[in-house]
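Atoms within each ligand, like the ligands themselves, are counted from 1 in listed order. Note that this is a predicted model, so its numbers are computed, not measured.
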Amino acid sequence: MKRCIIIGRPNVGKTMFALQFALYLGMAEARIQFAEAGGRRWEKPYRIAAALDDLTGAEPHRTRQLQSLCLELPAGKGTQPFELVDTSGLVDGIHPDPSIRRAMAQTLAAVREAQAILHMIDAAALGEAEAVNAIGEVDYQVAQFAQMRGGYLLLANKMDLPAARVGLARLKQEFAGHPIAPVSALYRQGFDEVKAFVRRHL
Ligand SMILES: Nc1nc2c(ncn2[C@@H]2O[C@H](COP(=O)(O)OP(=O)(O)OP(=O)(O)O)[C@@H](O)[C@H]2O)c(=O)[nH]1
Ligand SMILES: [Mg+2]
């Protein structure tokens, strides 16, 4: 099955996006497949509303393994199934926690196997006055790698927050030449553009 992966630093809203995108595509429930870096795998049927409570949160590294949702895009008269893969947050340098290091390596390996890459940045954090850490070295590296590969879209998330307007302008400067879609994962805004992108690349 074709895969779309969502990557980015911790707490930018990847899991929120994955689950809200499922709702946007009309799925109130989904089986979520979990795959740990060490090889342990399990699956759980979820109501998306319950998954939002269980799987998103303000503390960084809430997600520590791959979490895949099998979704369907409308295609002609039928639908095209695809896998939306939510990942563990990427950080700069070498993280002290080995399980987070393994999860990062797992994320980067999964990126190579995906047909479409969504790279999410917290535009609201980037718009704040002391936005020193809102874009990491890892973001520049990912953008460079993905540019060569194609099938890559930057998502400027949290556009519902006031600081995000400035953040989006900064992001456009920093990543000039890359396609950028402003979204609010929380309010499912900007999703039409993301859907069109995913459809083009699956
Ligand atoms: N205002 C606002 N908050 C958001 C939005 N998207 C996510 N959040 C909040 O940001 C926090 C992090 O969201 P997650 O979806 O858990 O972030 P993540 O990128 O999966 O984080 P890790 O799993 O730690 O890598 C939560 O408190 C969310 O409620 C958004 O579009 N707008
Ligand atoms: Mg997460």
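- When non-hydrogen atoms are compared, ligand 1 lies under 4.0 Å from the backbone of P60 (N, CA, C, O) but not from its side chain.
- Interface of A185 with ligand 1, defined as ligand atoms under 4.0 Å from a residue heavy atom, comprises 6 (N), 31 (O).
- Interface atoms of ligand 1 facing G89, defined by a heavy-atom separation under 4.0 Å, are 25 (O).
- Considering backbone and side-chain atoms together, T63 places an N or O closer than 3.5 Å to an N or O of ligand 1.
- Remark: aromatic rings of H178 and H119 are distant, center separation not under 6.0 Å.
- In terms of polar-atom proximity, G57 is counted as a contact of ligand 1, with an N or O under 3.5 Å from an N or O of the ligand.
- Nearest protein heavy-atom neighbour of atom 25 (O) of ligand 1: K14 NZ, 2.8 Å.
- In summary, no N, O or S atom of T87 is located under 2.8 Å from the Mg ion (ligand 2).
- The shortest contact between atom 10 (O) of ligand 1 and any protein heavy atom is with K158 NZ, 3.0 Å.
- Here I48 contributes atom CD1 and Y24 contributes atom OH; the two are 15.5 Å apart, rounded to the nearest 0.5 Å.
- At the shortest separation from atom 24 (O) of ligand 1 among protein heavy atoms lies H61 N, 2.7 Å.
- How far CG of D139 is from CD of E174: 10.5 Å, rounded to the nearest 0.5 Å.
- Rounding to the nearest 0.5 Å places CE of M27 at 7.0 Å from SG of C70.
- Note: an N/O pair closer than 3.5 Å links V12 and ligand 1 by distance alone.
- The line from OG1 of T15 to CD of Q20 is 11.5 Å long, rounded to the nearest 0.5 Å.
- The distance from the CD1 atom of I7 to the CE atom of M120 is 11.0 Å, given to the nearest 0.5 Å.
- The CD atom of Q144 sits 15.0 Å away from the CZ atom of R149 when rounded to the nearest 0.5 Å.
- Under a hydrophobic clustering in which Ile, Leu, Val, Met, Phe, Trp and Tyr are joined whenever their side-chain heavy atoms come within less than 4.5 Å, directly or via other members, F82 and I6 fall into the same cluster.
- One N or O on the side chain of D92 and one on the backbone of V138 form a donor-acceptor pair closer than 3.5 Å.
- Residue N11 has at least one N or O atom closer than 3.5 Å to an N or O atom of ligand 1.
- Counting heavy atoms from C-beta outward, K44 and D54 have side chains that approach closer than 4.5 Å.
- Inclusion of L161 in the set of residues having an N or O under 3.5 Å from an N or O of ligand 1 is not warranted.
- Contacts between R62 and ligand 1 below 4.0 angstrom, taking non-hydrogen atoms only, involve backbone and side chain alike.
- In terms of polar-atom proximity, T87 is not counted as a contact of ligand 1, lacking any N or O under 3.5 Å from an N or O of the ligand.
- The protein non-hydrogen atom at the shortest distance from atom 6 (N) of ligand 1 is N157 ND2, 3.2 Å.
- Remark: the backbone N or O of L23 is not paired with any side-chain donor or acceptor of R188 at under 3.5 angstrom.
- With L171 as the partner, the side chain to side chain contact (heavy atoms under 4.5 Å, CB included) test is satisfied by one option alone out of L155, I180, V166: I180.
- Applying the 4.0 Å criterion to heavy atoms of A58 picks out, from ligand 1, the atoms 27 (O).
- M16 CE, 3.4 Å is the protein heavy atom nearest to atom 29 (O) of ligand 1.
- The nearest protein atom to atom 14 (P) of ligand 1, hydrogens excluded, is given as G13 CA, 3.8 Å; this is a heavy-atom distance.
- Only the side chain of D160 comes within contact range of ligand 1, with a heavy atom under 4.0 Å; no backbone atom does.
- For residue T15, an N/O/S atom approaches the Mg ion (ligand 2) to within less than 2.8 Å.
- Close N/O approach between P10 and ligand 1 is not found [any backbone or side-chain N/O within under 3.5 Å].
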